[in-house]
2 protein chains.
Amino acid sequence: MRSMVRQAHHKKESHARLTGGRVSESTVRRLSLYYRGLSTFEREGYKTISSKDLAKEGRLTPAQVRKDLSFFGSFGTRGLGYPVKELKEKIARILGLNRTWNVALVGVGNVGSALVSYKEFPKQGFNIKLLFDNDQRKINKNHKGIQVFDVKDLASKLKEHKIDLVILAVPASAAQAVTDDVVSAGVKSILNFAPTHIKVPDDVTLRSVNMAMELEHLSFSLVNKGYPLKF
Amino acid sequence: MRSMVRQAHHKKESHARLTGGRVSESTVRRLSLYYRGLSTFEREGYKTISSKDLAKEGRLTPAQVRKDLSFFGSFGTRGLGYPVKELKEKIARILGLNRTWNVALVGVGNVGSALVSYKEFPKQGFNIKLLFDNDQRKINKNHKGIQVFDVKDLASKLKEHKIDLVILAVPASAAQAVTDDVVSAGVKSILNFAPTHIKVPDDVTLRSVNMAMELEHLSFSLVNKGYPLKF
DNA sequence: TTAATATTGTGAAATTGTTCACAAGTTTGA
DNA sequence: TCAAACTTGTGAACAATTTCACAATATTAA
Ligand SMILES: NC(=O)c1ccc[n+]([C@@H]2O[C@H](COP(=O)([O-])OP(=O)(O)OC[C@H]3O[C@@H](n4cnc5c(N)ncnc54)[C@H](O)[C@@H]3O)[C@@H](O)[C@H]2O)c1
Ligand SMILES: NC(=O)c1ccc[n+]([C@@H]2O[C@H](COP(=O)([O-])OP(=O)(O)OC[C@H]3O[C@@H](n4cnc5c(N)ncnc54)[C@H](O)[C@@H]3O)[C@@H](O)[C@H]2O)c1
C-alpha cells in the first residue's frame, strides 16, 4: 500500500501577497465600513455574520464583501458566515487599528481645535501628542492640555517624539511649505485639510479632506437633477 | 451654380446628454480640481491652457482631462488649448457655482462652529443662512451673527427659507433622525460629518466627510508599507 | 442518513473607467 | 503659401473593478 500524498497544509497566505495583487483604494475604504459594521453587530450580540448582512451596511453587494475580504485571507465558514469578533480583529490588524499611533497637528485654528477636542480619535488609537502653530499668541500656551510648539521646530520635534502621522490644518498658502518640513522629518503619512494640491514623494501617503469639493459635488447634483447620472 | 449645402450649425449638445451618458463620480471630483487649477491660471494671467498643463495640477493625464471635458461639450480649440476664463465659467455652470445656495447647518458644536466661521464657503456661493441645535443653552442665541433655532422647528424653517442644502454636524447617534426630518422638508442635498451610515431616498444626494476613515486609510498604508499596493 | 438550505471563495463574464493613437483643425515662422 | 509644431476630440484598445454563477462545504431538520 503506498502512503497517501500529504496535503500541503501550511497556513494559507493571503491572496494579496500571493498574487502580488493590488488592493484598491476602494477596497480599503470599504474595509473601514466593514469594521464599523462589525462593531455594531458585535455590540448587538451577533456571533457570526453573512456577507449579505455585512453588505447592507453601505449598499454593497455580498459578492463585493467576499471579494474584498478574500484579498487578505479566508476568514469565513461556508454555510455559516464570518465570525464577528474574529473578523473585526483581523480587519483591525489589516487597517493598523490594533495599536496606537503618534499624531502631530499643525495649525491650531478652527479646524485644528475641533480635531484636538475630538474624543473618538484616541479611542481608535490616534493620539495627538504635539501641536504646532506660527502664531506667537498660541505658541507655548497649553491647548486643551497639549503644549503648542513653534512650527520652526517642527522637523526636530517630529523626530524626537517619533511621530507617525501629521494632520495639516493650516491655510492653503502654508500647506506645501509645512508639508516639505514634515516630509524632511521622515513622516510617511499626512492628512491634509487645506483645499489645495500638495506634492509629496512617492513613499509618503497623503490623504486630503476637501469640504469645498464635497459641496461642489452636492451643488453639481442639484444642478443636474433629472439627468441620468451615475450616482 | 447650385447652392451650397448648409452646414447644420445648431449648438452642439453635450456628449453627456446626447448619449444619455453617465458622468462618473470621479469625473465630478476632477471637475472641481480643474476649476481650482483654472482659477490659479487665470490669476497668473494665462489666456489659454492646454490639457497637458491642466493635467499637471493633480497628477492626471492630458487624455483624462480632455475626456472629462468632452462629456459636457467641446470647449477647446485645436492647436491652442482651452480659453481659461471661458472654461472656468463653463465648469462653474456645470458644478452649479455660478449662483448662490441657501445652506442650513445642524449641530453647532466643534465642527459646526468651524464651518460657520469659514470665510471661503460664502465666496463659493454657499451661504449658511440657518443654524439648528437641540441644546437649550445654544438655542435662540446668536452664533457669529446667525440665530440658532431649535431643531424641533427644522422641517418648517427649512421650507420657509427655501434651503437647498443641509450640513449635518451632529453626533452619529442623532444623524439618521435629523436626516429624516431634513428629507421630509424636501431638501435634496446633505453633507454629513457624522461617522455613520445614513439612509436617504434615491433622489437625495448624500455626501459624507469621514475623517476617521481617512485616518484608517493612512494607518493602513503605514502598516502595509513595502507591499505592492495600488496607491 | 439524507435532503433541504445556507453561505463562502473564486474563476469568468460583464461593466466601468482610463489611456492610446490619430484625424482634424490651428498657429507660427520661413 | 507652405511646412512644422501644437493641441483638441474621440473611437478603440486596454485596464481595473464589480458582479455573476457555481462548486465546495456547513448546518439543520426529519
Ligand atoms: N474652518 C473650516 O470650516 C474649514 C472648512 C474647509 C476647509 N478648511 C481649511 O482648513 C484649514 C484650516 O482652516 P481653519 O478654519 O482652521 O483656519 P484658521 O485660520 O482658523 O487656522 C489656521 C491656523 O494655522 C496657523 N498657521 C498659519 N500659518 C501657519 C504655518 N506656516 N505654520 C503653522 N501654523 C500656521 C494659524 O496661526 C492658525 O492658528 C485651511 O486650509 C482651510 O482652508 C477649513
Ligand atoms: N470634532 C471633530 O474633530 C470631529 C472629527 C470627526 C468627526 N466628527 C463628527 O462630527 C460630528 C460633530 O462633532 P463635534 O465635535 O462638532 O460634536 P459636538 O458635540 O461638539 O457638537 C455636536 C452638536 O450637535 C448638537 N446636537 C446633538 N444632538 C442634536 C440633535 N438631535 N439635533 C440638533 N443638534 C444636536 C449638540 O448640542 C452639539 O452642539 C459628530 O458626528 C462627530 O463624530 C467630529
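Lettering follows sequence order; numbering is per chain, from 1.
Rounded to an integer number of Å, the gap from CD of B:Glu25 to C1' of C:dT18 is 17 Å. Taking atom CZ of A:Phe75 as the reference point, atom C1' of C:dT8 lies 13 Å away to the nearest angstrom.
Each of A:Pro62 and B:Gln64 has a nearest nucleotide on DNA chain C; the 5'-most of these lies closest to A:Pro62.
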Side chains of residues 119-129 of chain B: which donor-acceptor pairs under 3.5 Å do they make with residues two or more places apart or in other chains?
from     : atom 1 : to       : atom 2 : distance (Å)
B:Glu120 : OE2    : B:Lys123 : NZ     : 3.3
B:Lys129 : NZ     : B:Asn102 : OD1    : 2.9

Please tabulate, one pair per line, all N/O donor-acceptor pairs under 3.5 Å involving side-chain atoms of residues 167-182 of chain B, not counting sequence neighbours.
from     : atom 1 : to       : atom 2 : distance (Å)
B:Gln176 : OE1    : B:Lys199 : N      : 2.8
B:Gln176 : NE2    : B:Asp180 : OD1    : 2.8
B:Gln176 : NE2    : B:Lys199 : O      : 3.1
B:Thr179 : OG1    : B:Ala175 : O      : 2.6

Side-chain donor-acceptor pairs of residues 186-197 of chain A under 3.5 Å, sequence neighbours excluded:
from     : atom 1 : to       : atom 2 : distance (Å)
A:Lys188 : NZ     : A:Asp203 : OD2    : 2.8
A:Asn192 : OD1    : A:Ala194 : N      : 2.8
A:Asn192 : ND2    : A:Ala194 : O      : 2.9
A:Asn192 : ND2    : A:Ser208 : OG     : 3.0

Return a table of donor-acceptor pairs under 3.5 angstrom between the side chains of residues 91-101 of chain A and protein atoms on other chains or two or more places apart.
from     : atom 1 : to      : atom 2 : distance (Å)
A:Trp101 : NE1    : A:Gly96 : O      : 2.8

Polar pairs (N or O, both sides) under 3.5 Å between protein and nucleotides 22-24 of chain D?
from   : atom 1 : to      : atom 2 : distance (Å)
D:dA24 : N3     : A:Arg78 : NE     : 3.0

Nucleotide N/O to protein N/O under 3.5 Å, stretch nucleotides 12-15 of chain D:
none

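Here OG of B:Ser32 is found 7.5 Å from CG of A:Asn210. Values are rounded to the nearest 0.5 Å.
Checked against side-chain contact (heavy atoms from CB on, under 4.5 Å), A:Lys90 has the following partners two or more places apart in sequence or in another chain: A:Phe75, A:Glu86. Among residues two or more places apart in sequence or in another chain, the side-chain contact (heavy atoms from CB on, under 4.5 Å) test is passed with B:Arg66 by B:Ser51, B:Pro62, B:Ala63, B:Tyr82. Take A:Ser50 and apply the side-chain hydrogen bond (donor to acceptor under 3.5 Å, both in side chains) test, not counting sequence neighbours, and it matches no residue. For the side-chain contact (heavy atoms from CB on, under 4.5 Å) test, residues two or more places apart in sequence or in another chain that qualify with B:Thr27 are B:Val23, B:Ser24, B:Arg30, B:Asp68, B:Phe72.
A:Glu25 has no carboxylate O lying under 4.0 Å from a charged side-chain N of A:Arg29, or vice versa, which leaves the two without a salt bridge.
Within residues 80-92 of chain B, the residues that place at least one heavy atom under 4.0 Å from DNA chain D are, in residue-number order, B:Leu80, B:Gly81, B:Tyr82. Non-hydrogen atoms lying under 4.0 Å from DNA chain D are contributed by A:Arg30, all within residues 30-53 of chain A.
Under 4.0 angstrom from either OP1 or OP2 of C:dT8 there lies no side-chain N or O belonging to A:Thr77.
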